[in-house]
> 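Submitted below is the structure of interest, expressed as structure tokens.
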Amino acid sequence: MSPIIHIENLHFTYPDGTVALRGVTLDIEEGESIGLVGKNGSGKSTLIKHLNGLYFPEKGQIVIDGLPLTEENITAIRAKLGIVFQDPDNQLFCPTVYDDVAFGPLNMDMEEKVIAQKVRQALKKMDLFDLADRSPHELSFGQRKRAAIATILSLHPKVMIFDEPTSNLDPKNEAVIADILAHLLCTRIIISHDLPILYQTCPKIVIMKEGIIDKILSIEEFLSDRQLLREHGLDFTFKCDCCHEHKQYV
Amino acid sequence: MRPDIDRYWKLESSIHNWDPRFKIFTLVIFAFAISSLHHLSAIVICFFFCLLLHKLSKIPFSFSLKRLAAVTTFIGPFFLIMPLTVITKAGDTIYYFRNIPYLELNVRGIFLALRIYIKAVSIVLVMIPMFGTNRFDISIKSLEKLKVPNSMVQMLLFSYRYIFVFLAEFKQMLLAMKIRKFKPSANIHTLKTYGNFLGTLLVRSFERTEEVYQAMLSRGYKGILKIPFHYRARFSDYLKSVLIFSITFFILFYDRILL
Ligand SMILES: Nc1ncnc2c1ncn2[C@@H]1O[C@H](COP(=O)(O)OP(=O)(O)OP(=O)(O)O)[C@@H](O)[C@H]1O
Ligand SMILES: [Mg+2]
């Protein structure tokens with residue numbers, strides 16, 4: 001079976017001369033859930049913005065579910081692959097939550113009845129049904145994060161990408177989001193610096209470093225290699241170490 | 001924070017249940033008619049009619065008073081400027097002052113200012129029921145049905161959404177400055193700080209615009225905002241519009257032909 005996402009030798013330089021990607025090659029199979037990790041500035045966000053044609057490769061090739069990334073295919077690709085961006089305020093630009101969740105389906109020219117049904121489903125799934133008529137600025141941060149996910153869910157994409165889905169959330173909301181992510185059935189790419197979230201949602205980890213894929217490994221291998229974690233700015237064990245040291249005082 | 005103009009959209013009144021497309025179309029034309037009136041008596045009649053409309057909308061008058069105060073501070077100076085600057089015509093009453101040689105006070109100027117002022121107040125009194133009796137985004141959406149260009153409607157909707165984000169950002173930065181013990185005073189440091197403040201705000205808004213646009217593209221946006229729209233006009237909507245149009249017509253007739 002051919003992979004649902006095929007990336008080959010992808011290069012990209014920002015207009016200001018920053019080289020962000022220097023030859024990324026990666027295949028993702030349908031149904032996989034991938035954790036994409038790496039230090040700040042390693043190129044994770046830049047990479048995912050290529051997958052639905054927000055940026056076009058300067059060199060290299062991308063194929064999404066059999067469709068090469070070209071101008072003609074872009075609408076079809078955007079229907080297949082949804083991105084939930086980090087800041088929910090940028091994802092929620094409509095006057096009401098309902099409008100925002102309906103925005104994608106409306107653009108895909110679905111029938112009104114179908115749209116209403118999809119919006120209702122997405123809102124229910126994110127437990128936002130009662131807040132549908134609220135304006136996004138009247139929601140809490142956690143609710144906005146969920147609303148941002150609902151705006152993509154209503155499109156029923158084959159692939160969902162999350163850029164830091166749990167950043168700035170309190171532990172309770174974090175757990176809620178992690179639970180939702182873990183139970184989605186579509187192919188997922190989750191960018192995160194949060195090891196517990198990754199552990200809960202991603203059996204496979206892809207590590208980026210300075211614009212290339214550095215390593216691909218299982219979550220268990222990844223978590224057990226402290227050297228590796230430290231190298232990629234993800235070592236959280238020091239927090240536990242501190243606690244151990246101070247146990248005598250507790 | 002709530003958008004202020006539509007604070008009372010949940011009340012119920014004959015203005016509230018008037019289809020927003022009809023309401024906005026009719027009242028905008030009425031407002032234009034007011035601004036075109038020549039005679040003070042016609043303007044005063046309109047003013048009372050606007051008061052009546054406002055009363056019908058059940059929006060508390062205290063709410064509107066703030067807006068009227070804004071109009072007053074804007075137009076108030078006209079009462080001083082116009083009598084002093086209006087060009088003298090035959091038949092004008094003019095006051096001279098004995099010890100200030102060049103000062104002339106033309107009474108016609110006062111009446112001119114009065115006309116402008118009552119017109120402005122009347123128009124504000126119409127605008128409040130016009131936009132205050134529906135949720136603001138619904139009002140804007142109905143503009144689309146009134147053939148306002150889509151790009152304009154989009155701009156209004158986005159301003160409506162992002163003014164709050166912008167304000168929150170503004171407040172946050174202000175707080176950050178306070179925490180770091182910034183005290184404004186009349187020196188170059190204060191100026192520089194304000195300059196940086198505005199610059200940062202601008203850059204942030206620009207970055208946000210870019211990201212919002214990417215989020216829109218990701219969900220299939222192709223330049224046109226598709227707006228789902230489910231108003232159905234009833235007989236009463238037509239009736240209310242016809243009523244206001246007739247009144248508009250009679251007032252114009254009175255102003256232009258009878259007087
Ligand atoms: N709009 C832009 N213009 C110029 N350079 C950029 C732009 N966006 C990102 N970069 C640069 O490209 C590189 C990769 O950035 P990217 O945002 O993809 O990293 P990231 O892995 O998502 O980091 P983070 O974990 O901080 O989100 C960085 O060096 C960054 O400074
Ligand atoms: Mg990033």
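Just so we're on the same page: letters track the sequence lines, and every chain starts at 1.
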> Tell me which of these, B:Leu157, B:Asp137, B:Leu217, B:Ile140, has more heavy-atom pairs under 4.5 Å with chain A than the rest.
B:Leu217
> Select one option (side chain, backbone, both, neither) describing which atoms of A:Phe93 are under 4.5 Å from chain B's heavy atoms.
both
> If I measure from the heavy atoms of chain B, does A:Tyr98 come under 4.5 Å with its side chain, its backbone, both, or neither?
neither
> Tell me, side chain or backbone of A:Thr96 under 4.5 Å from chain B's heavy atoms, or both, or neither?
side chain
> Inspect the surroundings of OH in B:Tyr221 and state if more than 12 heavy atoms from other residues, nucleotides or ligands are less than 6.0 Å away.
yes
> Report, by ascending residue number, the residues of residues 48-72 of chain B in heavy-atom contact with chain A at a distance under 4.5 Å; give 'none' if the set is empty.
none
> Identify which of A:Pro105, A:Pro136, A:Ala79 forms the greatest number of heavy-atom pairs closer than 4.5 Å to chain B.
A:Pro136
> Checking A:Asp65 against A:Lys80 for the salt bridge (Lys or Arg N to Asp or Glu O under 4.0 Å) test, could you report, in this order, the C-alpha distance in whole Å, the side-chain angles of both residues, the deciding distance, and whether it holds?
CA-CA 8 Å; A:Asp65 198 21; A:Lys80 286 174 189 287; 2.9 Å; yes
> Tell me, side chain or backbone of A:Leu106 under 4.5 Å from chain B's heavy atoms, or both, or neither?
both
> Nearest heavy-atom pair of A:Gln91 and A:Ile83: which atoms, and what distance?
NE2-O, 3.3 Å
> Without placing hydrogens or testing angles, list every side-chain donor-acceptor pair under 3.5 Å for residues 116-133 of chain A, not counting sequence neighbours.
unit_1	atom_1	unit_2	atom_2	d
A:Gln121	OE1	A:His156	NE2	3.4

> Is A:Ile152 in contact with chain B via its backbone, its side chain, both, or neither, using a 4.5 Å heavy-atom distance?
side chain
> Could you tell me whether B:Lys141 and A:Asp99 make a salt bridge, using a distance below 4.0 angstrom between a side-chain N and a carboxylate O?
yes
> Does atom CZ (A:Phe141) have a neighbourhood of more than 12 heavy atoms from anything else shown, all under 6.0 Å?
yes
> Charged N to carboxylate O below 4.0 Å: is that the case for A:Asp109 and B:Lys226?
yes
> With a 4.5 angstrom heavy-atom cut-off, is it the side chain or the backbone of A:Asp89 that approaches chain B, or both, or neither?
both
> Relative to chain A, which segment of B:Tyr162 carries a heavy atom at a distance below 4.5 Å: side chain, backbone, both, or neither?
side chain
> Between A:Asn107 and B:Lys222, what is the shortest heavy-atom contact and its length?
O-NZ, 3.2 Å
> So which heavy atom on A:Phe56 is nearest to which on A:Gly53, and how close?
CE1-O, 3.8 Å
> Answer yes when B:Arg208 and A:Asp87 have at least one side-chain N-carboxylate O distance shorter than 4.0 Å, and no when they do not.
yes
